[in-house]
Amino acid sequence: NVSGLKPAWRAPLLHGSSMPMPLVHQGVMFLQTFPDTVIALDATNGDVLWRYKREGLSRSTKKMGLSLHEDRIYVATSDMHVIALSAKSGELVWDHTMDLGSPEERRRYQARGAPLIAGDVVIQGTLSFRVPKGSFIIAVDRRSGQEAWRFNTVAWPGQPGGNTWNGIPVEERNGGSIWQQGTYDPESNLVYFGVAPTYDTAPLLVPAD
């Protein structure tokens with residue numbers, strides 16, 4: 001109970017832009033922290049079992065969690081990759097590079113929420129701030145690391161809802177960011193995500209010519 005709570009152990013983490021949510025399974029605690037580092041700890045005493053650090057990054061964006069399925073850990077990285085690690089050793093199993101265009105365009109996207117495991121795919125949402133055509137959700141085959149499908153969170157012309165943007169060209173549409181992990185219903189085989197609105201509402205308020 002509350003009156004009997006006391007610290008069992010403490011593990012220091014590097015100070016930085018991160019919001020790690022620990023995940024505990026069979027006595028092992030996994031977390032992704034700054035700077036783009038995944039750590040496995042003995043949940044009974046805090047001893048580090050293994051550590052994976054993403055190298056060669058020019059920045060490290062906030063991370064909100066990681067995912068575990070069978071013997072693999074899945075995480076999104078600040079350089080816009082989705083990776084799979086061995087849950088036992090932390091070794092890299094596969095590394096998928098999201099197709100985002102030029103290096104400048106890549107810097108305008110982020111992936112913060114934990115990946116969502118749904119059947120045979122790993123699903124990852126993205127954030128984009130005033131990026132033309134908006135954000136997207138990507139699904140990666142969890143065995144091979146290859147892209148399975150992609151969904152635009154901002155409706156493009158010709159897509160369902162694409163005519164609700166007051167005639168704004170797709171290059172001027174933005175928003176639809178995914179901040180958190182989605183939810184999967186295995187019975188219906190559907191995934192559910194909440195998306196952010198557009199970051200520029202003014203053109204929606206003016207009648208189209």
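Since we're looking at a predicted model, the values are computed, not measured.
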Problem - Contact check, side chains of Thr153 and Ile137, non-hydrogen atoms, under 4.5 Å - result: yes
Exercise for the section: Could you grab the distance from atom OG of Ser89 to atom CG of Leu49, nearest 0.5 Å is fine? Expected result: 11.5 Å
Problem - Check: Ser78/Thr61 side-chain N/O donor and acceptor closer than 3.5 Å - result: yes
Handout entry: Neighbour count >12 (heavy atoms, 6.0 Å) for atom CD, Glu171
Key = yes
Practice task
Answer yes when Lys53 and Asp36 have at least one side-chain N-carboxylate O distance shorter than 4.0 Å, and no when they do not.
Solution key: no
Exercise for the section: Report yes if some heavy atom in the side chain of Glu147 is under 4.5 Å from a heavy atom in the side chain of Met98; otherwise report no. Expected result: no
Exercise for the section: Working to the nearest 0.5 Å, report the span between CD of Gln32 and CZ of Arg112. Expected result: 12.5 Å
Problem - Residue pair Asn174 / Val154, side-chain heavy-atom distance below 4.5 Å - result: no
Exercise for the section: On the 0 to 90° scale, with breaks at 30° and 60°, tag the Trp179-Phe129 ring pair as parallel, tilted or perpendicular. Expected result: perpendicular
Problem - Aromatic Phe136 / basic Arg150 pairing, under 6.0 angstrom, 45° off normal - result: yes
Exercise for the section: May I have the step-by-step check of side chain to side chain contact (heavy atoms under 4.5 Å, CB included) for Leu41 and Val28, ending in yes or no? Expected result: CA-CA 6 Å; Leu41 305 169; Val28 179; over 6 Å; no
Practice task
Take atom CE of Met21 as the centre, draw a 6.0 Å sphere, and report whether it contains more than 12 heavy atoms from other residues, nucleotides or ligands.
Solution key: no
Problem - Tyr109 and Ser135: side chain donor to acceptor below 3.5 Å - result: no
Exercise for the section: Please tell me if the side chains of Thr183 and Val191 come closer than 4.5 Å, counting only heavy atoms from C-beta onward. Expected result: no
Problem - Shared hydrophobic cluster, Ile83 / Met80 (ILVMFWY, side-chain heavy atoms < 4.5 Å) - result: no
Completion exercise
When rounded to the nearest 0.5 Å, the distance separating CG of Leu31 from CG of Leu13 is 6.0 Å
Exercise for the section: Decide whether Thr198 and Asp200 meet the rule of one side-chain donor and one side-chain acceptor closer than 3.5 Å. Expected result: no
Handout entry: Salt bridge Asp95-Arg54, side-chain N to carboxylate O under 4.0 Å
Key = yes
